[in-house]
Amino acid sequence: MLISKELQNFESANADVLVVGVSKNQNNVTNWNQFVDFFGQPIEQWMKDGDIQTDVKAITKIPFFSSKAKIKRIVFVGLGNRKSLTPDTLREAFGLTGKTLRKLKTSSIALWVDSFETDDIPSSDAVIIAAEGIRLGAYTVENYKTTSNAVDVSLEQVSFISNANIDELVAGFEVGEIYATAVNEARSLINKPGNMLTSTKLADYALELAKQYNFEIEILDKAQLEELGMGAILAVNKGSKEEPRMITLKYQATDKWEDVIGFVGKGVTFDTGGYSIKSKSGLVGMKGDMGGAATVLGAMRIIGELRPNKNVIGVIGSTDNMISGDAFKPDDVITTFSGKTVEILNTDAEGRLVLADAIAYAKQQGANYLIDLATLTGGVITALGYDKTGALTNNKAFFESFLEASVETGEFVWQLPLTENDKKRIRKSDVADLNNSPGSDGHMIFGGGFIGEFVGDTPWIHLDIAGTSDAMSAYDLGPKGGTGVMVRTLATFVERMTQEDIK
Ligand code: BES
Ligand code: ZN
Ligand code: ZN
(Lines give C-alpha, C1' and ligand atoms only; values in the text may rest on other atoms or scores of the structure.)
(Ligands and ions follow the chains in the order given, each with its own letter.)
Protein backbone atom coordinates (compact mmCIF):
# COMPACT_ATOMS: atom_id res chain seq x y z
CA MET A 1 0.00 0.00 0.00
CA LEU A 2 1.28 3.39 -0.99
CA ILE A 3 0.69 5.86 1.83
CA SER A 4 1.08 9.51 0.96
CA LYS A 5 3.62 11.13 3.29
CA GLU A 6 2.21 14.59 2.74
CA LEU A 7 -1.02 16.00 4.09
CA GLN A 8 -3.56 16.76 1.39
CA ASN A 9 -6.53 19.04 1.12
CA PHE A 10 -9.82 18.38 -0.63
CA GLU A 11 -8.59 19.83 -3.92
CA SER A 12 -5.11 18.33 -3.96
CA ALA A 13 -5.99 14.79 -2.84
CA ASN A 14 -4.84 12.34 -5.49
CA ALA A 15 -7.63 9.81 -4.91
CA ASP A 16 -10.73 8.42 -6.56
CA VAL A 17 -12.78 8.32 -3.39
CA LEU A 18 -12.97 10.67 -0.43
CA VAL A 19 -14.09 9.08 2.84
CA VAL A 20 -15.96 11.37 5.24
CA GLY A 21 -17.40 10.67 8.67
CA VAL A 22 -20.79 12.24 9.32
CA SER A 23 -22.70 12.50 12.55
CA LYS A 24 -25.68 14.23 14.06
CA ASN A 25 -23.44 16.88 15.60
CA GLN A 26 -21.24 17.61 12.60
CA ASN A 27 -20.58 21.29 13.08
CA ASN A 28 -17.77 20.71 15.58
CA VAL A 29 -15.64 18.96 12.96
CA THR A 30 -12.48 20.87 12.13
CA ASN A 31 -12.70 22.48 8.68
CA TRP A 32 -16.33 21.50 8.25
CA ASN A 33 -17.09 24.83 6.58
CA GLN A 34 -14.23 24.31 4.17
CA PHE A 35 -15.73 20.96 3.22
CA VAL A 36 -19.19 22.45 2.78
CA ASP A 37 -17.67 24.95 0.32
CA PHE A 38 -15.78 22.23 -1.49
CA PHE A 39 -18.88 20.05 -1.71
CA GLY A 40 -20.83 22.88 -3.31
CA GLN A 41 -24.26 21.45 -2.51
CA PRO A 42 -26.61 22.06 0.42
CA ILE A 43 -25.07 19.19 2.36
CA GLU A 44 -26.66 20.00 5.69
CA GLN A 45 -30.08 19.85 4.07
CA TRP A 46 -29.18 16.52 2.46
CA MET A 47 -28.15 15.19 5.84
CA LYS A 48 -31.39 16.42 7.39
CA ASP A 49 -33.43 14.81 4.59
CA GLY A 50 -31.56 11.54 4.94
CA ASP A 51 -30.02 11.69 1.46
CA ILE A 52 -26.74 11.48 3.31
CA GLN A 53 -27.31 9.27 6.34
CA THR A 54 -25.75 10.05 9.68
CA ASP A 55 -27.08 6.97 11.49
CA VAL A 56 -24.34 4.91 13.02
CA LYS A 57 -22.76 2.56 10.43
CA ALA A 58 -24.97 3.83 7.58
CA ILE A 59 -22.95 4.20 4.38
CA THR A 60 -23.93 6.68 1.67
CA LYS A 61 -21.96 6.79 -1.56
CA ILE A 62 -22.46 9.55 -4.07
CA PRO A 63 -20.74 10.47 -7.33
CA PHE A 64 -18.88 13.77 -7.21
CA PHE A 65 -17.55 16.13 -9.81
CA SER A 66 -15.41 19.22 -9.41
CA SER A 67 -13.17 20.68 -12.08
CA LYS A 68 -10.70 21.52 -9.28
CA ALA A 69 -10.35 18.07 -7.74
CA LYS A 70 -9.51 14.51 -8.76
CA ILE A 71 -12.04 12.97 -6.37
CA LYS A 72 -14.83 11.23 -8.28
CA ARG A 73 -16.89 9.87 -5.46
CA ILE A 74 -17.55 10.52 -1.79
CA VAL A 75 -18.33 7.77 0.69
CA PHE A 76 -20.05 9.10 3.80
CA VAL A 77 -19.72 6.97 6.91
CA GLY A 78 -22.49 7.43 9.46
CA LEU A 79 -21.17 7.84 13.00
CA GLY A 80 -24.46 8.42 14.79
CA ASN A 81 -23.84 10.45 17.89
CA ARG A 82 -20.13 11.30 18.06
CA LYS A 83 -20.24 11.47 21.87
CA SER A 84 -21.28 7.87 22.26
CA LEU A 85 -19.17 6.46 19.43
CA THR A 86 -16.87 3.65 20.65
CA PRO A 87 -13.70 2.38 18.95
CA ASP A 88 -15.45 -0.97 18.30
CA THR A 89 -18.35 0.69 16.52
CA LEU A 90 -16.02 2.92 14.54
CA ARG A 91 -14.05 -0.18 13.44
CA GLU A 92 -17.27 -1.83 12.32
CA ALA A 93 -18.33 1.30 10.42
CA PHE A 94 -14.99 1.17 8.62
CA GLY A 95 -15.55 -2.53 7.97
CA LEU A 96 -18.69 -1.64 6.08
CA THR A 97 -16.74 1.14 4.35
CA GLY A 98 -14.17 -1.46 3.27
CA LYS A 99 -16.92 -3.61 1.77
CA THR A 100 -18.26 -0.57 -0.12
CA LEU A 101 -14.81 0.38 -1.41
CA ARG A 102 -14.27 -3.16 -2.65
CA LYS A 103 -17.58 -3.18 -4.50
CA LEU A 104 -16.67 0.16 -6.07
CA LYS A 105 -13.30 -1.35 -7.11
CA THR A 106 -11.60 1.62 -5.52
CA SER A 107 -7.82 1.71 -5.80
CA SER A 108 -7.14 5.04 -4.07
CA ILE A 109 -8.79 6.86 -1.18
CA ALA A 110 -8.37 10.06 0.73
CA LEU A 111 -9.34 9.81 4.40
CA TRP A 112 -10.56 13.02 5.95
CA VAL A 113 -9.26 12.08 9.36
CA ASP A 114 -10.67 15.06 11.25
CA SER A 115 -14.16 13.92 10.31
CA PHE A 116 -13.66 10.64 12.23
CA GLU A 117 -12.05 11.80 15.42
CA THR A 118 -14.04 12.33 18.59
CA ASP A 119 -13.21 13.54 22.07
CA ASP A 120 -12.50 9.91 23.02
CA ILE A 121 -10.89 8.74 19.79
CA PRO A 122 -8.00 11.00 18.73
CA SER A 123 -6.88 10.99 15.10
CA SER A 124 -3.84 8.83 15.93
CA ASP A 125 -6.23 6.04 17.05
CA ALA A 126 -8.81 6.75 14.36
CA VAL A 127 -6.31 5.94 11.58
CA ILE A 128 -5.37 2.60 13.16
CA ILE A 129 -9.05 1.75 13.46
CA ALA A 130 -9.74 2.92 9.91
CA ALA A 131 -6.96 0.81 8.43
CA GLU A 132 -8.05 -2.25 10.38
CA GLY A 133 -11.71 -1.83 9.56
CA ILE A 134 -11.25 -1.16 5.87
CA ARG A 135 -8.86 -4.07 5.32
CA LEU A 136 -10.89 -6.51 7.40
CA GLY A 137 -14.17 -5.48 5.79
CA ALA A 138 -12.80 -5.73 2.27
CA TYR A 139 -11.55 -9.31 2.76
CA THR A 140 -13.10 -11.95 0.52
CA VAL A 141 -12.92 -15.72 0.73
CA GLU A 142 -11.00 -17.27 -2.13
CA ASN A 143 -13.12 -19.67 -4.15
CA TYR A 144 -12.27 -22.29 -6.71
CA LYS A 145 -14.98 -21.62 -9.26
CA THR A 146 -13.90 -21.85 -12.88
CA THR A 147 -14.56 -18.13 -13.08
CA SER A 148 -12.56 -17.03 -10.08
CA ASN A 149 -13.60 -14.28 -7.69
CA ALA A 150 -10.09 -12.88 -7.37
CA VAL A 151 -10.46 -9.14 -6.84
CA ASP A 152 -9.16 -7.39 -9.93
CA VAL A 153 -8.80 -3.98 -8.32
CA SER A 154 -7.82 -3.53 -4.70
CA LEU A 155 -7.00 -0.57 -2.54
CA GLU A 156 -3.46 0.54 -3.30
CA GLN A 157 -3.14 4.13 -2.25
CA VAL A 158 -4.22 6.22 0.70
CA SER A 159 -3.73 9.85 1.56
CA PHE A 160 -4.87 11.92 4.54
CA ILE A 161 -6.68 15.19 4.90
CA SER A 162 -6.12 16.35 8.46
CA ASN A 163 -4.75 18.94 10.83
CA ALA A 164 -2.82 16.29 12.71
CA ASN A 165 0.83 15.29 12.39
CA ILE A 166 1.33 13.34 9.17
CA ASP A 167 4.05 11.04 10.54
CA GLU A 168 1.73 9.98 13.32
CA LEU A 169 -1.08 9.31 10.86
CA VAL A 170 1.12 7.30 8.53
CA ALA A 171 2.58 5.25 11.38
CA GLY A 172 -0.87 4.55 12.79
CA PHE A 173 -2.32 3.51 9.47
CA GLU A 174 0.62 1.17 8.89
CA VAL A 175 0.06 -0.53 12.24
CA GLY A 176 -3.62 -1.01 11.44
CA GLU A 177 -2.70 -2.51 8.09
CA ILE A 178 -0.23 -4.91 9.67
CA TYR A 179 -2.85 -6.10 12.13
CA ALA A 180 -5.58 -6.55 9.51
CA THR A 181 -3.29 -8.26 7.00
CA ALA A 182 -2.30 -10.82 9.61
CA VAL A 183 -5.94 -11.47 10.50
CA ASN A 184 -6.79 -11.91 6.83
CA GLU A 185 -3.92 -14.37 6.40
CA ALA A 186 -5.28 -16.39 9.32
CA ARG A 187 -8.75 -16.29 7.76
CA SER A 188 -7.40 -17.62 4.48
CA LEU A 189 -5.74 -20.55 6.24
CA ILE A 190 -9.01 -21.39 8.02
CA ASN A 191 -10.98 -21.15 4.78
CA LYS A 192 -8.68 -23.55 2.91
CA PRO A 193 -10.28 -26.95 2.33
CA GLY A 194 -8.75 -29.89 4.18
CA ASN A 195 -7.54 -31.50 0.97
CA MET A 196 -5.53 -28.38 0.19
CA LEU A 197 -4.23 -27.64 3.67
CA THR A 198 -2.67 -30.73 5.19
CA SER A 199 -0.34 -30.64 8.20
CA THR A 200 2.63 -30.74 5.84
CA LYS A 201 1.30 -27.72 3.95
CA LEU A 202 0.63 -25.87 7.20
CA ALA A 203 4.25 -26.51 8.18
CA ASP A 204 5.40 -25.21 4.78
CA TYR A 205 3.42 -22.04 5.41
CA ALA A 206 5.05 -21.64 8.84
CA LEU A 207 8.47 -22.15 7.23
CA GLU A 208 7.81 -19.31 4.77
CA LEU A 209 6.68 -17.09 7.64
CA ALA A 210 9.85 -17.91 9.56
CA LYS A 211 12.02 -17.06 6.57
CA GLN A 212 10.19 -13.79 6.04
CA TYR A 213 10.60 -12.63 9.64
CA ASN A 214 13.77 -14.35 10.65
CA PHE A 215 12.18 -16.64 13.23
CA GLU A 216 13.94 -19.75 14.39
CA ILE A 217 11.81 -22.69 13.25
CA GLU A 218 11.65 -26.39 13.97
CA ILE A 219 9.28 -28.78 12.21
CA LEU A 220 9.09 -32.23 13.75
CA ASP A 221 7.88 -35.03 11.44
CA LYS A 222 6.27 -38.32 12.38
CA ALA A 223 9.53 -40.20 12.97
CA GLN A 224 10.81 -37.42 15.22
CA LEU A 225 7.54 -37.33 17.17
CA GLU A 226 7.86 -41.10 17.68
CA GLU A 227 11.43 -40.65 18.84
CA LEU A 228 10.31 -38.01 21.37
CA GLY A 229 7.38 -40.11 22.59
CA MET A 230 4.61 -37.69 21.65
CA GLY A 231 1.99 -40.38 22.05
CA ALA A 232 -1.01 -38.04 22.14
CA ILE A 233 -0.65 -36.27 18.80
CA LEU A 234 0.48 -39.60 17.30
CA ALA A 235 -2.68 -41.33 18.56
CA VAL A 236 -4.85 -38.77 16.82
CA ASN A 237 -2.79 -39.14 13.66
CA LYS A 238 -2.86 -42.95 13.67
CA GLY A 239 -5.80 -43.31 11.28
CA SER A 240 -4.38 -40.89 8.73
CA LYS A 241 -2.30 -41.23 5.60
CA GLU A 242 -1.07 -37.68 6.17
CA GLU A 243 1.91 -37.19 8.46
CA PRO A 244 1.53 -35.06 11.60
CA ARG A 245 3.73 -32.06 12.32
CA MET A 246 4.77 -30.27 15.49
CA ILE A 247 5.77 -26.77 14.45
CA THR A 248 7.77 -24.44 16.70
CA LEU A 249 8.51 -20.80 15.88
CA LYS A 250 10.75 -18.68 18.09
CA TYR A 251 11.00 -14.92 18.08
CA GLN A 252 13.91 -13.90 20.28
CA ALA A 253 13.88 -10.25 21.30
CA THR A 254 16.38 -10.23 24.16
CA ASP A 255 19.88 -11.67 24.58
CA LYS A 256 18.67 -14.30 26.98
CA TRP A 257 15.83 -16.69 26.17
CA GLU A 258 13.83 -15.78 29.27
CA ASP A 259 10.40 -14.41 30.17
CA VAL A 260 9.03 -16.23 27.16
CA ILE A 261 5.36 -16.07 26.26
CA GLY A 262 4.09 -19.20 24.50
CA PHE A 263 1.19 -19.39 22.06
CA VAL A 264 0.01 -22.94 21.47
CA GLY A 265 -2.44 -23.73 18.67
CA LYS A 266 -4.67 -26.64 17.71
CA GLY A 267 -3.93 -27.42 14.08
CA VAL A 268 -6.39 -30.22 13.25
CA THR A 269 -6.69 -29.82 9.47
CA PHE A 270 -9.85 -31.92 9.38
CA ASP A 271 -11.77 -33.51 12.24
CA THR A 272 -13.97 -36.46 11.31
CA GLY A 273 -14.33 -37.37 14.98
CA GLY A 274 -12.54 -40.66 14.33
CA TYR A 275 -14.41 -43.79 15.42
CA SER A 276 -16.56 -41.55 17.64
CA ILE A 277 -17.60 -40.21 14.27
CA LYS A 278 -19.39 -36.92 13.80
CA SER A 279 -22.82 -36.65 12.21
CA LYS A 280 -23.17 -35.80 8.53
CA SER A 281 -23.87 -32.16 9.29
CA GLY A 282 -21.32 -32.07 12.12
CA LEU A 283 -18.57 -32.96 9.65
CA VAL A 284 -19.20 -29.93 7.46
CA GLY A 285 -16.97 -27.06 8.47
CA MET A 286 -14.35 -29.22 10.17
CA LYS A 287 -11.70 -27.91 7.76
CA GLY A 288 -11.63 -25.00 10.21
CA ASP A 289 -10.45 -27.13 13.12
CA MET A 290 -7.00 -25.58 12.71
CA GLY A 291 -8.29 -22.13 13.71
CA GLY A 292 -6.04 -22.05 16.77
CA ALA A 293 -2.98 -22.74 14.63
CA ALA A 294 -4.03 -20.01 12.19
CA THR A 295 -4.36 -17.58 15.09
CA VAL A 296 -0.87 -18.38 16.35
CA LEU A 297 0.57 -17.87 12.85
CA GLY A 298 -1.35 -14.61 12.43
CA ALA A 299 -0.11 -13.27 15.76
CA MET A 300 3.46 -14.31 14.91
CA ARG A 301 3.17 -12.36 11.65
CA ILE A 302 2.31 -9.18 13.56
CA ILE A 303 5.17 -9.85 15.98
CA GLY A 304 7.51 -10.36 13.03
CA GLU A 305 6.44 -7.03 11.57
CA LEU A 306 6.42 -4.93 14.75
CA ARG A 307 9.24 -6.74 16.57
CA PRO A 308 8.21 -6.05 20.20
CA ASN A 309 10.74 -6.37 23.01
CA LYS A 310 9.37 -9.69 24.26
CA ASN A 311 10.42 -13.28 23.61
CA VAL A 312 7.66 -15.28 21.97
CA ILE A 313 7.35 -18.94 21.09
CA GLY A 314 4.56 -20.39 18.93
CA VAL A 315 3.89 -24.11 19.01
CA ILE A 316 1.40 -25.79 16.70
CA GLY A 317 0.37 -29.42 16.84
CA SER A 318 -1.04 -30.44 13.49
CA THR A 319 -2.69 -33.56 12.12
CA ASP A 320 -6.07 -34.57 10.78
CA ASN A 321 -8.37 -36.90 12.73
CA MET A 322 -9.27 -39.75 10.40
CA ILE A 323 -10.61 -43.30 10.42
CA SER A 324 -8.90 -46.43 9.14
CA GLY A 325 -7.84 -49.87 10.33
CA ASP A 326 -4.98 -48.12 12.11
CA ALA A 327 -6.98 -45.40 13.82
CA PHE A 328 -7.04 -45.01 17.61
CA LYS A 329 -10.18 -46.18 19.38
CA PRO A 330 -12.22 -45.65 22.51
CA ASP A 331 -10.74 -47.75 25.37
CA ASP A 332 -7.21 -47.26 24.06
CA VAL A 333 -4.69 -46.04 26.62
CA ILE A 334 -1.99 -43.73 25.36
CA THR A 335 1.14 -42.17 26.84
CA THR A 336 1.62 -38.45 26.26
CA PHE A 337 4.92 -36.58 25.82
CA SER A 338 4.69 -35.50 29.48
CA GLY A 339 4.56 -39.13 30.60
CA LYS A 340 0.95 -38.91 31.78
CA THR A 341 -1.32 -41.64 30.46
CA VAL A 342 -4.80 -41.08 29.05
CA GLU A 343 -7.76 -43.40 28.68
CA ILE A 344 -9.54 -42.57 25.42
CA LEU A 345 -13.28 -42.41 25.89
CA ASN A 346 -14.05 -40.38 22.80
CA THR A 347 -11.87 -40.06 19.69
CA ASP A 348 -13.68 -36.82 18.81
CA ALA A 349 -12.10 -35.19 21.86
CA GLU A 350 -8.83 -35.11 19.89
CA GLY A 351 -7.90 -31.44 20.18
CA ARG A 352 -7.05 -31.72 23.86
CA LEU A 353 -4.73 -34.63 23.03
CA VAL A 354 -2.86 -32.70 20.36
CA LEU A 355 -2.58 -29.74 22.72
CA ALA A 356 -1.40 -31.89 25.64
CA ASP A 357 1.77 -32.69 23.72
CA ALA A 358 2.09 -29.19 22.23
CA ILE A 359 1.79 -27.55 25.67
CA ALA A 360 4.32 -29.90 27.23
CA TYR A 361 6.68 -29.21 24.34
CA ALA A 362 6.24 -25.42 24.63
CA LYS A 363 7.17 -25.70 28.31
CA GLN A 364 10.23 -27.75 27.49
CA GLN A 365 11.24 -25.10 24.96
CA GLY A 366 11.18 -22.44 27.66
CA ALA A 367 7.70 -20.91 27.68
CA ASN A 368 7.13 -19.09 30.99
CA TYR A 369 3.56 -18.07 30.16
CA LEU A 370 1.13 -20.10 28.10
CA ILE A 371 -1.90 -19.22 26.03
CA ASP A 372 -3.49 -22.05 24.10
CA LEU A 373 -6.02 -21.50 21.33
CA ALA A 374 -8.32 -24.15 20.00
CA THR A 375 -11.61 -24.83 18.27
CA LEU A 376 -11.97 -27.28 21.11
CA THR A 377 -15.60 -27.90 22.01
CA GLY A 378 -19.18 -27.52 20.88
CA GLY A 379 -19.70 -26.94 24.61
CA VAL A 380 -18.39 -23.38 24.37
CA ILE A 381 -21.05 -22.63 21.75
CA THR A 382 -23.76 -24.01 24.01
CA ALA A 383 -22.44 -21.94 26.90
CA LEU A 384 -21.59 -18.63 25.21
CA GLY A 385 -22.91 -18.61 21.65
CA TYR A 386 -21.01 -17.72 18.50
CA ASP A 387 -19.76 -14.30 19.52
CA LYS A 388 -17.78 -14.97 22.68
CA THR A 389 -14.52 -16.81 23.15
CA GLY A 390 -14.52 -19.00 26.26
CA ALA A 391 -11.56 -18.90 28.61
CA LEU A 392 -10.07 -20.84 31.52
CA THR A 393 -7.07 -19.78 33.54
CA ASN A 394 -4.91 -20.74 36.50
CA ASN A 395 -3.71 -17.18 37.13
CA LYS A 396 -6.06 -14.31 37.83
CA ALA A 397 -3.61 -11.43 37.31
CA PHE A 398 -2.35 -12.87 34.03
CA PHE A 399 -5.89 -13.35 32.77
CA GLU A 400 -7.03 -9.88 33.81
CA SER A 401 -4.21 -8.28 31.92
CA PHE A 402 -5.11 -10.37 28.88
CA LEU A 403 -8.74 -9.34 29.25
CA GLU A 404 -7.72 -5.69 29.01
CA ALA A 405 -6.03 -6.41 25.69
CA SER A 406 -9.21 -8.08 24.46
CA VAL A 407 -11.29 -5.09 25.47
CA GLU A 408 -8.91 -2.89 23.47
CA THR A 409 -9.38 -5.01 20.35
CA GLY A 410 -13.10 -5.55 20.83
CA GLU A 411 -12.78 -9.35 20.85
CA PHE A 412 -15.10 -10.62 23.57
CA VAL A 413 -13.64 -13.15 26.02
CA TRP A 414 -15.49 -14.72 28.95
CA GLN A 415 -13.94 -16.82 31.68
CA LEU A 416 -15.56 -20.02 32.91
CA PRO A 417 -14.64 -21.68 36.20
CA LEU A 418 -12.41 -24.72 36.52
CA THR A 419 -13.08 -26.29 39.89
CA GLU A 420 -11.47 -29.09 41.90
CA ASN A 421 -14.55 -31.16 41.13
CA ASP A 422 -13.98 -30.67 37.38
CA LYS A 423 -10.36 -31.73 37.80
CA LYS A 424 -11.44 -34.80 39.74
CA ARG A 425 -13.63 -35.88 36.86
CA ILE A 426 -10.83 -35.34 34.33
CA ARG A 427 -8.56 -37.50 36.54
CA LYS A 428 -11.12 -40.26 36.94
CA SER A 429 -10.01 -43.46 35.21
CA ASP A 430 -9.46 -47.05 36.34
CA VAL A 431 -6.63 -47.56 33.91
CA ALA A 432 -4.86 -44.24 33.29
CA ASP A 433 -3.99 -40.88 34.87
CA LEU A 434 -6.67 -39.01 32.94
CA ASN A 435 -9.63 -39.63 30.68
CA ASN A 436 -10.27 -37.47 27.63
CA SER A 437 -14.05 -37.10 27.94
CA PRO A 438 -15.60 -36.93 31.41
CA GLY A 439 -19.08 -36.02 30.17
CA SER A 440 -21.19 -33.72 28.09
CA ASP A 441 -22.40 -31.47 30.93
CA GLY A 442 -20.56 -28.14 30.77
CA HIS A 443 -17.91 -29.84 28.69
CA MET A 444 -16.02 -26.77 27.51
CA ILE A 445 -14.53 -26.88 30.99
CA PHE A 446 -13.46 -30.52 30.63
CA GLY A 447 -11.77 -29.80 27.30
CA GLY A 448 -9.77 -26.87 28.61
CA GLY A 449 -9.28 -28.46 32.01
CA PHE A 450 -7.69 -31.49 30.37
CA ILE A 451 -5.11 -29.21 28.72
CA GLY A 452 -4.55 -27.58 32.11
CA GLU A 453 -3.30 -30.95 33.44
CA PHE A 454 -0.16 -30.45 31.32
CA VAL A 455 0.49 -26.83 32.26
CA GLY A 456 1.77 -27.18 35.85
CA ASP A 457 2.34 -23.87 37.66
CA THR A 458 3.04 -21.83 34.54
CA PRO A 459 0.56 -18.94 34.21
CA TRP A 460 -1.89 -20.16 31.61
CA ILE A 461 -4.94 -19.09 29.65
CA HIS A 462 -7.01 -21.47 27.57
CA LEU A 463 -9.10 -19.91 24.79
CA ASP A 464 -11.84 -22.02 23.22
CA ILE A 465 -12.60 -20.38 19.87
CA ALA A 466 -14.93 -23.09 18.52
CA GLY A 467 -17.77 -20.55 18.38
CA THR A 468 -15.83 -17.50 17.25
CA SER A 469 -13.28 -18.79 14.75
CA ASP A 470 -15.72 -19.38 11.91
CA ALA A 471 -18.57 -16.94 11.17
CA MET A 472 -21.85 -18.56 10.08
CA SER A 473 -22.77 -15.48 8.04
CA ALA A 474 -21.23 -12.21 6.92
CA TYR A 475 -20.70 -9.52 9.57
CA ASP A 476 -19.49 -5.92 9.57
CA LEU A 477 -15.80 -6.81 9.75
CA GLY A 478 -15.78 -9.70 7.33
CA PRO A 479 -17.51 -12.37 5.30
CA LYS A 480 -18.86 -15.77 6.31
CA GLY A 481 -16.00 -18.12 7.14
CA GLY A 482 -12.75 -17.83 9.10
CA THR A 483 -12.66 -14.77 11.35
CA GLY A 484 -9.07 -14.74 12.55
CA VAL A 485 -10.41 -14.08 16.04
CA MET A 486 -7.78 -13.47 18.74
CA VAL A 487 -4.96 -12.64 16.31
CA ARG A 488 -5.25 -8.95 17.18
CA THR A 489 -5.72 -9.63 20.88
CA LEU A 490 -2.65 -11.87 21.16
CA ALA A 491 -0.45 -9.30 19.44
CA THR A 492 -1.90 -6.45 21.49
CA PHE A 493 -1.28 -8.47 24.65
CA VAL A 494 2.38 -9.00 23.76
CA GLU A 495 2.68 -5.27 23.15
CA ARG A 496 1.16 -4.62 26.60
CA MET A 497 3.51 -7.12 28.23
CA THR A 498 6.48 -5.13 26.98
CA GLN A 499 5.10 -2.16 28.89
CA GLU A 500 4.26 -3.73 32.22
CA ASP A 501 5.63 -6.41 34.43
CA ILE A 502 3.08 -9.17 34.65
CA LYS A 503 4.02 -11.93 36.99
N1 BES B 1 -13.43 -29.76 16.67
C2 BES B 1 -14.42 -30.12 17.61
C3 BES B 1 -15.11 -28.92 18.26
C4 BES B 1 -15.92 -28.02 17.38
C5 BES B 1 -17.29 -28.15 17.32
C6 BES B 1 -15.30 -27.01 16.66
C7 BES B 1 -18.02 -27.31 16.52
C8 BES B 1 -16.05 -26.16 15.87
C9 BES B 1 -17.41 -26.31 15.80
C10 BES B 1 -13.81 -30.97 18.72
O11 BES B 1 -12.72 -31.74 18.38
C12 BES B 1 -14.89 -31.90 19.18
O13 BES B 1 -15.31 -32.70 18.42
N14 BES B 1 -15.32 -31.73 20.43
C15 BES B 1 -16.32 -32.54 21.00
C16 BES B 1 -15.83 -33.02 22.33
C17 BES B 1 -16.68 -34.08 22.94
C18 BES B 1 -16.58 -35.33 22.13
C19 BES B 1 -16.21 -34.34 24.33
C20 BES B 1 -17.58 -31.71 21.17
O21 BES B 1 -17.48 -30.54 21.54
O22 BES B 1 -18.66 -32.21 20.89
ZN1 ZN C 1 -13.27 -33.63 17.60
ZN1 ZN D 1 -11.58 -31.01 16.76
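This chain uses plain numbering: 1 for the first residue, then up along the sequence.
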| query | Can Asp464 and Thr377 be said to form a side chain to side chain donor-acceptor pair (under 3.5 Å), step by step? | reply | CA-CA 7 Å; Asp464 193 333; Thr377 67; 2.7 Å; yes

| task | Determine, step by step, whether Thr86 and Thr89 satisfy the side chain to side chain donor-acceptor pair (under 3.5 Å) criterion, reporting the C-alpha distance in whole Å, the side-chain angles of both residues, the deciding distance to 0.1 Å, and the verdict. | result | CA-CA 5 Å; Thr86 64; Thr89 309; 2.8 Å; yes

I'd like to know if [X] pairs up with [Y] as an ion pair, taking the criterion as any Lys NZ or Arg NE/NH1/NH2 lying under 4.0 Å from an Asp or Glu carboxylate oxygen.
X: Asp289; Y: Lys266; answer: yes
X: Arg301; Y: Glu305; answer: no
X: Glu408; Y: Arg496; answer: yes

Would [X] and [Y] count as having a side-chain donor-acceptor pair, cut-off 3.5 Å?
X: Glu208; Y: Tyr213; answer: no
X: Glu242; Y: Ser199; answer: no
X: Thr100; Y: Thr97; answer: no
X: Thr336; Y: Asp357; answer: no
X: Thr389; Y: Thr468; answer: yes
X: Ser188; Y: Tyr139; answer: yes
X: Ser469; Y: Thr375; answer: no

| Stacked cation flag Arg425 on Phe446, 6.0 angstrom / 45 deg |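 Checked: cation-pi criterion not met.
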
| Within 45° of the ring axis of Phe454 and under 6.0 Å from its six-membered ring centre, is that where the NZ or CZ of Lys340 lies? |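 Yes - Lys340 lies over the ring of Phe454, closer than 6.0 Å to its centre and within 45° of its axis.
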
| Residues two or more places apart in sequence or in another chain: which of them pass salt bridge (charged side-chain N to carboxylate O under 4.0 Å, His left out) with Lys329? |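 Only Asp332 meet the salt bridge (charged side-chain N to carboxylate O under 4.0 Å, His left out) criterion with Lys329.
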
| Glu177: partners by salt bridge (charged side-chain N to carboxylate O under 4.0 Å, His left out), with sequence neighbours left out |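 Once residues adjacent in sequence are excluded, the partners of Glu177 under the salt bridge (charged side-chain N to carboxylate O under 4.0 Å, His left out) criterion are Arg135.
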
| field | Qualifying residue, where the test is side-chain hydrogen bond (donor to acceptor under 3.5 Å, both in side chains) with Thr319 and the options are Asp271, Thr269, Asn237 | value |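 Checked Asp271, Thr269, Asn237 against Thr319; only one passes side-chain hydrogen bond (donor to acceptor under 3.5 Å, both in side chains): Asn237.
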
| said: So does Ser429 get a backbone contact from the side chain of Asn435, meaning a donor-acceptor N/O pair under 3.5 Å? | reply: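 Not a single qualifying donor-acceptor pair exists.
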
| field | Phe94 ring center within less than 6.0 Å of Phe116 ring center | value |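 That pair passes the under 6.0 Å test.
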
| request: Please determine which of Phe263, Phe399, Phe398 meets the ring pair (Phe, Tyr, Trp, His ring centres under 6.0 Å) test together with Phe493. | output: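 Only match with Phe493 under ring pair (Phe, Tyr, Trp, His ring centres under 6.0 Å): Phe398.
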
| task | Check side-chain hydrogen bond (donor to acceptor under 3.5 Å, both in side chains) between Glu132 and all other residues, then give those that pass, not counting sequence neighbours. | result |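 Here the qualifying residues are Arg91, Arg488.
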
